[in-house]
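Remarks on the structure that follows.
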Amino acid sequence: ELQQLKCQAETHVKKQTKNVPYLSLEILHDNSVSFLIQCCSDNEDLFEGYDSIVGDSSFLAKLEDVELQMRQCHDQQTPNACEDDLSDSVLAEDFRDSPPTALPSSQLEFQKAVMTPHKSPSRGAHNTSTPDLMNPRPAVNHADLNVNKPPPKARRSMKDHLKKVLIDNAATSSTVSKTVQQKEAVMTEEMSFAMQAMESISAEQDLGPFFGLPSKVKVLILRLKGIQDLYEWQKTCLSLDSVQQRRNLIYSLPTSGGKTLVAEILIFKELLCRKKDALLILPYISLVQEKVRGLSSFGIELDFMVEEYAGSKGRFPPVKRRNKNSLYVTTIEKGHSLVNSLIENDRLDNIGLVVVDELHMLGDGSRGAILEMTLSKILYMSKSTQIIGMSATLGNVGDLQTFLNAENYTNDFRPVELKEYVKIKDSIYEVDPREETCFSFSRLLDFKYSSGMQKMDPDHIIALATEVIPQQSCLIFCATKKNCENLAGMICKYLNKVFLKHKEAEKATLLGELKSSGNGSLCPVLKKTVPFGLAYHHSGLTSDERKLVEEAYSSGVLCLLTCTSTLAAGINLPARRVILRSPYVATEFLKRSQYKQMVGRAGRAGIDAMGESILILQDKDINMCYSNLLHDGGRGLFSLVLSFIGLKITTTVEQVRDFMKGTLLSVQEAQVSPERSLWDLTVESIDTLKQKSLIEVSADVNNQSILQITRLGRATFKGSIDLSYCDLLYRDLSKGLEGLLLNSFLHLVYLVTPYDMVNQCKPDWMIYFRQFTNLSAAEQKMATAVGVPESFVARKAAGQSVRKSVDIVVVNRLYLALVLYSLLKETNLWDVSDRFQLTRGFVQTLLSSASAFGSSVLHFTEELEEFWAYKALLSELTRRLTYCVQAELIPLMEVAGVMEHRAKQLYNAGYKTLAHLANADPQILVQTIENLFKRQANQIIASAKMLIKEKAEALQEEVDDLLMLPSDIPSL
C-alpha cells in the first residue's frame, strides 16, 4: 500500500510539473547503469555508503574493474574465457555475497536485474553489458561476428563518463522562469502531502487481511474461542471511521451481543500494529482473572505480555519493556493506581489504547468516582491515547460522549433471540412494545400443585423451572443470599427422583471435589441440592466453591442455579431460561440496567435457538449514568484533586479549575450539583485538603500561590488510601512503632485490617473472649496497647456494664484481626468460619480486602521515611494474605484462576512449580486431574507460560539496565 501510494504521488507530481526540465543521466552504451539510474527515486541516494568515486571499494571502481576485464578479454580474443570471467566478476560476486539489508533499495533493484533476465524494448533481449547469470545465453561463434567488422573506436571509461555528466549538470544554468518556480512549488507541496499520508499509514502498520491483523489472529480466534466468523455488527463497528482514525468510541449492545471480541481485536491491533501497550479495565477480580487466563494463549502465540493487576497483584510502575508490549488487565482500583504510576514516571504515552468494560460503572458510587478519576487524567495528560467504552444501553449516553469526546455506536443485535415474559398469577404475558399496554397474553401456566406445594411455592417457580431442566439450563435470580439457599432447597424437595439419575457420576465427582475444597467439610445445602443438579451461587461461597459450581454449570453437570444479581454482572453463565423471582435487589427496587443484565443471560449462542426470561416487574425506570465524584460527601472529588496536585498535573488553583472542566461532573454539573457550582466545589475541596495537612500553599518567585503536596498527602495518594481515614492510619502506624510485636503476625495483621469492614461485623463476645484468652502474653499485651484490654472483653462476655470508654472501632477491628490471624495459622477457611460463627463468604471477602489493603499500606509506608521498618514486614505479610495457603502451593496459585483446591490437585499430581505447569502436556493434565477439561488445561498451561515469561523478561530488563552504558559519563 505504501509503494502504491508513493507511485500515485509521483505520477501526480509529474503531471503537475510536466514542463519542468529534468536533468538526466544516461549511459547509452551500458544498459545496466541506465537501468540502475532509472530505478532510483528522485530523493534517494543512489550510492549510499558506496558513493566514493575514487576509492577502490566504491561502486564506480567496481564498474571500472569490470570494464577493464572486458577490454582485456576483447584484446585477447578469447570469448569463452571472457564469459567465464564476467560470470565470476567482482561485480557479480559482490552482489551475490553482500547481505541485502546493507544496500539501499535502488541497488537491491539493480541486484535483482543482475540475477534475472532484463528485456529492453529497444534492444535485443540479451543486449546488455551485464551477463545473465541465471539464464546463460547459447554459445556464440565470435569468428562470424568479426567478419567485415570495422576497427573499434576508443571508448571512454564509465568513470569518466559519469564524471563528465555530473560536471555538466553542475554547470547548467540555475536560472528558471517564474512559471517553473511555481510548478516546483506545486511539486514540493504535493510531495509533502504524499509523505504525510505515507507517515500516517506507517504509524499503524497493516499486518494482514483480518482487519489489519495477520491471518494468524483469525486462526487463533477460531482455535481458542471457537469463533469462525464475526457478526455483521462487529464488522461494521471495526470498520467505523472513529475506529480507523483512532477517535474515542462508546459502543453499547445487549448482554451476550459479542462486545468483548471487538475490544480484543482492537487491543491486538494496538499491540501488534502500533507497538503500543494497552489497558483493559474490568469491574471485578474474577473477571480480571478470567480474562488473563483467556488472553494468555494469545500472548504466547502473538508475542505480547498479559499482566494481571487485581487484589494485591501488580507492579507500580510496571516493568519497562524494550522489546515487547504489554496488555494490563486491571480492576477499577488497580487501573487508577497504574495510571497514576505511569503519569508520575512520564510513561502514560506508552498506553495507546484504554478499554473500559461496563462503562456504566461510572454511576456506581465510590467505584464510579475512581473510574471517572482515571479517565479524566488520561484525557487530560495524553492526547494520543484512544479510549473505548463498552456498555449496556444507556439513557444519557450523550453526557458520556461529551465527557470522553467520543462517538457512539449502538445496535440491538443478539446472537440468540430473546423473548421476555411477565407472569401474573398463573398467566404469562409476552412483553410486546407494539401493544398499547406493552403486553400480549401468551399462555396459562400448566401445573398440578398440591395444597402444600402451593403454599410453599406461590410463585410457581418449580413449574417454570421443570419446563426446561434437566435437559436445558435455568438461572433464578433472588433478592438476597438467604433466598438463594432457601429456594434451591425448596425446589429439590418437590423434584422427581428421576433427576437424581441425570449425570449421576459427574455429580458425585463434584460433591467429592466440593468436600475436598473444604478440607473435609461440605455445605449442607449443596450436599442436598447437587445430586438433583441444583446449586446456589452468591458471595457466601468460597472462591474454590464458586469456581467448582461455575465449571459444573458450564459443562452441564448442574442444570439450575439460584443466584444473586452479582452473577449477572460477573462471568458469563448463560441459560435457556432466566427467572426473576422478585423485582428487588436486597431492599432496593430493580434498576433497568440490572434487569437487562439478568435477562441478557437468557439464550446460549450456538446451543439455543432462543432464550426466555420470565419476570414479575414493570420496566418503567430508565438507566442513567451520573458522576459519583460527590458520592459519600465528595470523597471522590477530594481524592481526584489530591492526586493531580501530587502528580504535578496542576500546581495552581486556576489549573485545577481547568482540569475539572474535563470531568463528567462538569458535564452534569446542573443535574448533580444544582446548588453549588463546580468552582465552589473545587475551592472547597482545596480548603479541605489544606485542613487535613495533605496539601500546602507556597509562593513562587513571582509571588504566585503554588499548590504542593505534603509528605502525608503523597503517601495517601500513592497508597490509594481513602482520605476519610488516612490520618487514622498514620496514627495507628506511628503508635505501632512504639512497641511493635515481632514474634507474632497479630500486630501487623491488625494494622492491615480494612477500616471499611469494621462496621460489617458485630462481635460475638463469648467467642471474642475465648480467642482472646488463647493469645500469648505478648499478644494480649499488644491488644491492650492498641486499646482493647482483657477486662473489657471479659465484662462484655459476662454481660456486665463497662464503665471505661473504649473505642468500638478499635474493638471490632481487633476482632476481625483475630479472624485473619487464625486464617494465617491454619489456612482452613471452613474451620475459621465455624469458630467465629461467620459465613464462609464473609471470611473470604475479609481475606481479599485485607490483602488489597495490605498492599496499599505498604505503598503508603514506602513514601514516609519514619516507617522504613514496615516495608519488608508488610511485603511478606501481604504475600501470605494474598494466597493464605501452605507455602508450597503459592507458586501454583500465582496462575490466574487456580484456587487452593486446584493447586492441591496439581501439587499432588507432581506439578509442583510454575515450570512444571508451563511444560505440561494438556492431554496428560486432563487425564491426571479430576474434573479438568481440555480448554481449562490449555488456559492453565498458557497462564503459567506467560508468568514465567513475565518474570524472566523482568529480570532480563534489569540486567540490561545494569549493563547499559550511561549517556552522561563525564569526559574531558
Side-chain angles (χ1 to χ4, degrees), residues 213-214 216-217 219-226 264 267-268 270-272 275 277-278 280 282 285-311 313-315 318-330 547 551 882-883 888-900 902-929 932-960:
L213 288 165
K216 183 178 181 180
V217 175
V219 172
L220 286 173
I221 290 175
L222 174 60
R223 193 181 82 197
L224 301 175
K225 292 177 173 287
E264 289 175 358
I267 288 170
F268 295 156
E270 198 68 29
L271 295 167
L272 303 180
K275 302 296 183 182
D277 297 333
L280 173 59
L282 300 167
I285 293 177
S286 60
L287 290 179
V288 170
Q289 292 174 339
E290 183 184 28
K291 190 58 65 179
V292 169
R293 201 164 59 246
L295 291 178
S296 290
S297 299
F298 286 93
I300 296 296
E301 294 283 350
L302 300 174
D303 200 28
F304 63 83
M305 307 302 298
V306 180
E307 302 185 37
E308 178 182 349
Y309 280 76
K313 292 184 178 179
R315 297 179 59 167
V319 175
K320 191 173 184 180
R321 307 186 190 282
R322 294 184 182 87
N323 301 319
K324 279 188 175 61
N325 293 105
S326 292
L327 167 59
Y328 306 111
V329 187
T330 78
K547 190 75 177 169
E551 289 176 354
T882 299
Y883 302 106
E888 62 267 21
L889 298 181
I890 290 179
L892 301 178
M893 290 188 66
E894 289 180 352
V895 177
V898 173
M899 302 302 174
E900 182 180 3
R902 184 70 81 202
K904 287 180 178 177
Q905 284 183 313
L906 293 167
Y907 189 87
N908 293 334
Y911 300 96
K912 299 184 178 182
T913 66
L914 272 179
H916 285 137
L917 273 184
N919 294 283
D921 184 324
Q923 198 63 41
I924 297 176
L925 206 58
V926 169
Q927 294 172 0
T928 308
I929 308 299
L932 182 68
F933 301 102
K934 182 74 174 290
R935 181 169 176 269
Q936 296 166 341
N938 286 327
Q939 289 183 341
I940 287 174
I941 292 170
S943 296
K945 285 181 178 177
M946 181 59 69
L947 268 176
I948 287 182
K949 194 175 179 182
E950 183 181 332
K951 291 183 177 185
E953 296 209 358
L955 292 173
Q956 186 59 52
E957 295 286 346
E958 199 171 328
V959 169
D960 291 344

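All values derive from a computational prediction rather than experimental measurement. Numbering of residues begins at 1 and proceeds along the displayed sequence.
Taking all atoms of both residues into account, the shortest heavy-atom contact from Ala918 to Lys945 is O-CE, 3.0 Å. Residue Arg223 comes nearest to Glu301 through the heavy atom pair NH2-OE2, 3.0 Å, listed as atom of the first residue, atom of the second, then distance. What you find for Gly311 and Ile285 is that their closest heavy atoms are N-CD1, 4.0 Å. Here the shortest heavy-atom pairing between Glu957 and Arg321 reads OE2-CA, 3.3 Å. Ile929 and Ala909 make their closest contact through CD1-CB, 3.7 Å (heavy atoms, listed as atom of the first residue, atom of the second, distance). What you find for Val306 and Glu950 is that their closest heavy atoms are O-OE1, 3.8 Å.
Within the 3.5 Å criterion, the main-chain N or O of Arg902 finds no donor-acceptor partner in the side chain of Tyr907. One N or O on the side chain of Asn325 and one on the backbone of Lys275 form a donor-acceptor pair closer than 3.5 Å.
Between Val895 and Leu906 the shortest side-chain heavy-atom distance does not fall below 4.5 Å. Gln289 places none of its side-chain heavy atoms less than 4.5 Å from the side chain of Lys547. Counting only heavy atoms from C-beta outward, the side chains of Leu914 and Glu894 approach each other to under 4.5 Å.
Of the residues listed (Leu295, Leu220, Leu327), the one engaging Phe268 in a side-chain contact (heavy atoms from CB on, under 4.5 Å) is Leu295, and it is the only one. Shown are Glu307, Glu264, Glu308; of these, the salt bridge (charged side-chain N to carboxylate O under 4.0 Å, His left out) with Lys291 is made only by Glu264.
Distance CG/Leu224 to CG/Asn938: 8.0 Å, rounded to 0.5 Å. Atom OH of residue Tyr883 and atom CG of residue Leu889 lie 12.0 Å apart, to the nearest 0.5 angstrom. Atom CG of Asp960 and atom CG of Leu955 lie 11.0 Å apart (nearest 0.5 Å). One finds the CD atom of Gln939 at 10.0 Å from the CG atom of Leu932 (value rounded to the nearest 0.5 Å). Summarising the geometry, atom CD belonging to Gln927 is positioned 7.0 Å from atom CD1 belonging to Ile924; distances are rounded to the nearest 0.5 Å. Between Ser297 atom OG and Ile940 atom CD1 the span is 11.0 Å, to the nearest 0.5 Å.
Using cut-offs of 30° and 60° on the angle between ring planes, the pair Tyr328 and Tyr309 is perpendicular.
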- Task: Go through Phe298 and Lys225 one step at a time and tell me if the side chain to side chain contact (heavy atoms under 4.5 Å, CB included) criterion holds.
- Result: CA-CA 11 Å; Phe298 286 93; Lys225 292 177 173 287; 4.0 Å; yes

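Within a 6.0 Å sphere centred on CD of Glu888, heavy atoms belonging to other residues, nucleotides or ligands number more than 12.
With respect to Lys320 and Asp277, no salt bridge is recorded, no charged nitrogen being found less than 4.0 Å from a carboxylate O.
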